[in-house]
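Dropping the structure in here first, questions after.
Reminder, nothing fancy here: chain letters follow the sequence lines and each chain counts from 1.
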Amino acid sequence: MSNTPSENRARFGVPEDSMVFARGVRKSFGTLDVLKGVDIDVPKGSVACIIGPSGSGKSTFLRCINHLEKLTGGILLVDGAFVGYDLRKDRLYEVKDNELCQRRAEIGMLFQSFNLFSHMTVMENLIEAPVHVRRVPVEQAKSEALELLARVGLSEKVDSYPRELSGGQQQRVAIARAMAMKPKVLLFDEPTSALDPELVGEVLQVMRDLAETGMTMVVVTHEIGFAREIGDQLIFMDGGVIVEEGNPREMIANPQSPRTKEFLSKVL
Amino acid sequence: MNQLWVTLRPHLPFMLDGFLLTVFACTLAIIGAVLIGALMASLRTSGNRIVRGVAFAYSDVFRNTPFIVQLFFFFYGLPEIGIYIGAFETGVIALSIIGGAFVSDVIRSGILAVDQGVIEAAKVSGLSRWTIFTKIVLPIALRTSVRPMGSVLINMVLTSSILSTITINELTGTAKIVASTTFKPFEVYLVLLVLYASLTYALSLLINTVHRRLNRAMDTGGAA
């Protein structure tokens with residue numbers, strides 16, 4: 001086995017505190033090159049926000065992190081380990097299904113369309129993965145679920161079905177569902193883009209709370225205000241590459257690249 | 001009207017037996033068809049080409065041949081090669097098989113209609129393919145399939161009248177006998193039509209109830 005974090009750290013020069021480490025990540029769909037070599041470092045406990053026009057590859061990059069998309073090239077490590085691959089004799093091999101499941105369980109992901117299990121109550125949504133993937137006893141999973149629901153302010157919705165909730169509430173349940181797996185990192189794919197404007201705030205507040213507890217987060221978003229306030233790192237992608245990255249406040253106030261400047265002028 | 005009653009009354013217990021046998025046979029066949037249909041629909045969405053091919057062949061063969069021919073094949077043909085099963089059992093099995101072929105079609109479209117986003121959400125939480133299919137995809141597909149499955153099941157009840165051709169005295173079988181002994185085919189078959197209509201109406205009420213119960217959670221209310 002040569003996919004241990006310590007070996008990878010030495011081999012690829014991964015910083016000790018790195019949670020997401022990408023070098024030269026490429027992804028093509030047929031002849032369409034969506035990612036053309038992306039390098040990213042997200043340290044543990046930090047929040048990285050990725051912005052960019054649609055089609056820039058930001059969602060695809062996020063989906064590569066938990067192997068929803070296979071890489072065409074490059075390496076991508078989460079907490080020092082490959083997610084969908086094993087390294088043997090200098091070659092990457094895709095891992096077996098059940099191994100992939102165990103590794104994915106460490107990485108939470110939130111979607112634009114919430115994607116709750118529509119036939120299950122909020123409680124059932126929250127305990128499904130802990131019980132089936134982590135083998136947590138049902139009673140324990142339930143009590144942990146109640147704590148998480150309290151954290152996202154939805155204790156009274158425990159027996160509701162997703163369709164009985166507003167979009168904002170559904171996304172907060174989805175965040176609680178992801179947290180129920182005690183992930184190392186949370187990926188957000190435009191978590192507020194499908195929400196009515198007045199519901200955006202409640203979801204951002206939950207994300208803010210999470211960031212304060214030291215959760216590592218990678219957030220693809222159009223909420224520049226959120227990125228400026230919460231982000232430790234802002235990444236602007238366009239055309240499958242990173243155009244500019246840096247401290248969100250500095251970058252928003254004083255973008256270096258003309259493309260960044262143009263994009264920010266449209267969304268601010 | 002009174003004349004009709006006087007003529008038919010002595011035969012009613014016999015026809016009631018037939019009615020009950022139809023209900024019994026259809027209940028068994030519907031259970032069989034839903035089980036076979038769910039299994040075949042699952043196999044038809046399998047990643048394995050051979051498994052998928054077999055399941056497709058099953059539904060194509062049984063949907064594209066007349067039921068009465070299938071029935072005769074099972075009842076008269078199979079004993080030729082040493083397979084003996086009773087008439088009633090043959091009838092129930094044949095009905096389950098053709099029902100299963102149609103049900104598998106309905107459930108398969110239900111499976112294909114499950115939101116990919118929901119499947120991805122299940123994947124990223126680390127659930128295995130098997131758990132995703134059995135706990136997420138199939139339950140959602142079955143819920144959206146109840147209504148369209150209803151017309152298939154009602155058709156099975158109507159088709160069950162053909163079982164009378166292989167010596168099973170279900171409702172149509174008993175009616176044939178009563179009609180030929182009373183020489184009152186108009187009255188007897190009129191009653192028969194009413195009985196089938198009430199049976200299928202009751203079934204559709206049942207299906208609606210099941211649909212409502214199962215879909216309390218789902219936002220497919222009118223659209224399904």
message: If we define contacts as heavy-atom pairs under 4.5 Å, which of Asp115(B), Val124(B), Ile119(B), Thr131(B) has the most with chain A?
response: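 Between Asp115(B), Val124(B), Ile119(B), Thr131(B), the count favours Val124(B).
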query: Has Ile50(B) got more than 12 heavy atoms of other residues, nucleotides or ligands less than 6.0 Å from its CD1?
result: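 It does not: Ile50(B) CD1 has 12 such atoms or fewer within range.
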- prompt: Can you name the closest pair of heavy atoms from Met120(A) and Ile136(B) and give their distance?
  reply: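 Shortest heavy-atom contact: CE-CD1, 3.9 Å.
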field: Max heavy-atom pair count under 4.5 Å with chain A, selected residue of Ser128(B), Gly126(B), Ala121(B)
entry: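 Option with the greatest count: Gly126(B).
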Part of Arg63(A) lying under 4.5 Å from any heavy atom of chain B: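 For Arg63(A), the side chain is the part near chain B, not the backbone.
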query: chain B contacts: which residues in residues 170-197 of chain A have a non-hydrogen atom closer than 4.5 Å to it?
result: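 So the qualifying residues are Arg177(A), Met181(A).
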task: Counting only heavy atoms closer than 4.5 Å, note whether Glu128(A) contacts chain B via side chain, backbone, both or neither.
output: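 Looking at Glu128(A), backbone and side chain both touch chain B.
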message: Less than 4.5 Å to any heavy atom of chain B: does that hold for the side chain of Asn98(A), its backbone, both, or neither?
response: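 When you check distances to chain B, no heavy atom of Asn98(A) falls under 4.5 Å.
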query: In terms of heavy-atom contacts, does OH of Tyr93(A) have more than 12 from other residues, nucleotides or ligands at under 6.0 Å?
result: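 Count over threshold, so yes.
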task: To the nearest 0.5 angstrom, please state how far the CG atom of Leu100(A) sits from the CZ atom of Arg129(B).
output: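 Result: 9.5 Å between the selected atoms.
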task: State whether the side chain of His119(A) and the backbone N or O of Lys135(B) hold a donor-acceptor pair below 3.5 Å, judged by distance alone.
output: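 Yes; at least one donor-acceptor contact below 3.5 Å.
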- prompt: Would you say the side chain of Ser125(B) lies within less than 4.5 Å of the side chain of Val133(A), judging by non-hydrogen atoms?
  reply: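 A side-chain contact is absent here, since even the closest heavy-atom pair is not under 4.5 Å.
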Within 6.0 Å of NZ in Lys142(A), more than 12 heavy atoms from elsewhere: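 No, not enclosed.
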Separation between CD1 of Ile132(B) and CZ of Phe117(A), rounded to the nearest 0.5 Å: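 It is 7.5 Å, given to the nearest 0.5 Å.
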message: Testing the basics here: between Asn215(B) and Arg163(A), what is the closest heavy-atom pair and its distance to 0.1 Å?
response: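 So the minimum-distance heavy-atom pair works out to O-NH2, 4.2 Å.
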message: Tell me whether the count of non-hydrogen atoms from other residues, nucleotides or ligands lying under 6.0 Å of OH in Tyr201(B) goes above 12.
response: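 At most 12 heavy atoms, drawn from other residues, nucleotides or ligands, come within 6.0 Å of this atom.
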task: Check whether Ile107(A) gets within reach of chain B through its side chain, its backbone, both or neither, counting any heavy atom under 4.5 Å.
output: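 Looking at Ile107(A), just its backbone touches chain B.
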message: Within the supplied structure, the quantity of interest is the number of heavy atoms (other residues, nucleotides, ligands) at a distance under 6.0 Å from Phe73(B) CZ; does it exceed 12?
response: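 Counting other residues, nucleotides and ligands, CZ of Phe73(B) stays at 12 neighbours or fewer.
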- prompt: Rounded to the nearest 0.5 Å, what separation is found between the OG atom of Ser113(A) and the CD atom of Glu120(B)?
  reply: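 Atom-to-atom, Ser113(A):OG and Glu120(B):CD are 8.5 Å apart.
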